[in-house]
Amino acid sequence: MPETPLYIPATDGALFGVLHEPDPPGPARAAALLLGPGLDEKRAAYGTLARLARTLAAGGCRALRFDCRGTGDSAGDSVETSLSSMERDAADAAAFLRARAGDGAPLALVGFRLGASLALRLGAALGAARVAAVAPVAGGSGWLRQERGRSALRRSMIARELAAAAATSGAGALSSPSTGEPAAALPDGAAEDLGGLAVGARLVEELSALDLSAGSPAADGPETLIVQVSPRRSPLPEVARLADRFRARVECLNIEPFWQPLENPDPGPLAELLRTFVCGG
Amino acid sequence: MSDSNALLPQVKQLIVERLFLDVAPESIGDDDNLLEKFGVDSVRLFEIVVGLEEAFGVTFADQDFSVDRFATARSIAGVVAEKSGA
């Protein structure tokens, strides 16, 4: 299955991406742009996104996944990443995908978590025919609070293990028992550290203002699918509000959250759902 | 305390669902340490936190994110009762 690593010309420096051609080769049923999660969730979801891109290619679609500015192998530092820069990157990647394809295949945005929020926001503006939003982040402030909580839980767990190890060995604590980690200075321009990533003030500011369900329902726009990942079999209230706002249908999947660093999350049902929605039956 | 005890069955059900455990919820003891009994790490523990926010409509603040507060079904029920004003 042809997969081509490449660099995408972009506004503020090249973006690294991988292009998956349809398999078997031929005209693409759709040009699918994958928009990944943000911060710590991006690292955990990397492998799953690669597998999902391959599933789309096997379904006859051309799929492009890429690193936003300040992440992975793309230009820039993490403190420069913001929602605005991510939106510019998505627009540049969409233009690249269309130009590269040249076959008029309809554009589909396939977003995950924060990338799903971008897909919902950008779908109409980028002229996408379809938008699939997997576990979108509806409110940026709530997501930030959870990211901070996740970091705090991790520090608490490390502190607990260090304390247990010290008690066993009779040695002193290796670092501050309150945090489990020695304090590290933040790089210039960083507002805070989340999961080991320096986050810029602009991203924090833009996330704090992000409320995806606010606003009037879209008059028209892409065919939109929202995938809720939860044991709940009916849409959560915030997902129902998003569905109203973007005139989307909702599918509820009880699968492991692959944007968490789990050992072997199985995205099987999600892969099939996305293949059918993006590439057609 | 009686209010938080009433939450225990729901909390145990949520633990099983969120951790994808192959056990009956009632087989989890009120004071079983989830970290030791099921090898739960901070990632899995965070999934329980997300599930609690979804299921009970509670919101946790920075100072709540301590392993000890989410280590057992009883401690989790206590946190939820505290946050929901039960």
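Atoms considered below: every heavy atom in the structure, side chains included; atoms not considered: hydrogens, waters and symmetry mates. Please read these numbers as outputs of a predicted model, since none were measured by experiment. Each chain gets a letter, A, B and so on, in the order the sequences are listed, and its residues count up from 1.
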Between [X] and [Y], is any pair of side-chain heavy atoms under 4.5 Å apart?
X        : Y        : value
B:Phe20  : A:Asn254 : yes
A:Arg150 : B:Val43  : no
A:Arg160 : B:Leu35  : yes
B:Phe46  : A:Gln146 : yes

Problem - Salt bridge present between B:Arg18 and A:Glu256 (N-O < 4.0 angstrom) - result: no
Problem - Residues B:Glu17, A:Arg233: salt bridge by 4.0 Å N-O rule - result: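 A:Arg233 and B:Glu17: not salt-bridged.
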Exercise for the section: Evaluate whether atom CG of A:Asp188 has more than 12 neighbouring non-hydrogen atoms of other residues, nucleotides or ligands under 6.0 angstrom away. Expected result: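 No, the 6.0 Å shell around CG holds no more than 12 heavy atoms from other groups.
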Completion exercise
Ranking B:Ala55, B:Ser42, B:Gly51 by heavy-atom pairs under 4.5 Å to chain A gives rank one to B:Ser42
Handout entry: Leading residue by heavy atom contact count with chain A [cutoff under 4.5 Å; candidates B:Thr59, B:Leu14, B:Asp41, B:Asp68]
Key = B:Thr59
Completion exercise
Under 4.5 Å to a heavy atom of chain A? For B:Val40 that would be backbone
Exercise for the section: Would you mind checking which part of B:Arg44 comes under 4.5 Å of any heavy atom in chain A, side chain (CB onward), backbone (N, CA, C, O), both or neither? Expected result: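 Side chain of B:Arg44 only, per the 4.5 Å heavy-atom cut-off to chain A.
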Problem - Distance-minimising heavy-atom pair for B:Ser66 and A:Leu153 - result: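 Closest heavy-atom pair between B:Ser66 and A:Leu153: C-CD2, 3.9 Å.
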Handout entry: Proximity breakdown for A:Leu236 and chain B, heavy-atom pairs closer than 4.5 Å
Key = side chain
Practice task
Examine distances only and state if a side-chain atom of A:Ser156 and a backbone atom of B:Val67 form a donor-acceptor pair shorter than 3.5 Å.
Solution key: yes
Handout entry: Top contributor to chain B interface from A:Arg148, A:Arg145, A:Gln260 [non-hydrogen pairs under 4.5 Å]
Key =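 The candidate making the most pairs under 4.5 Å is A:Arg145.
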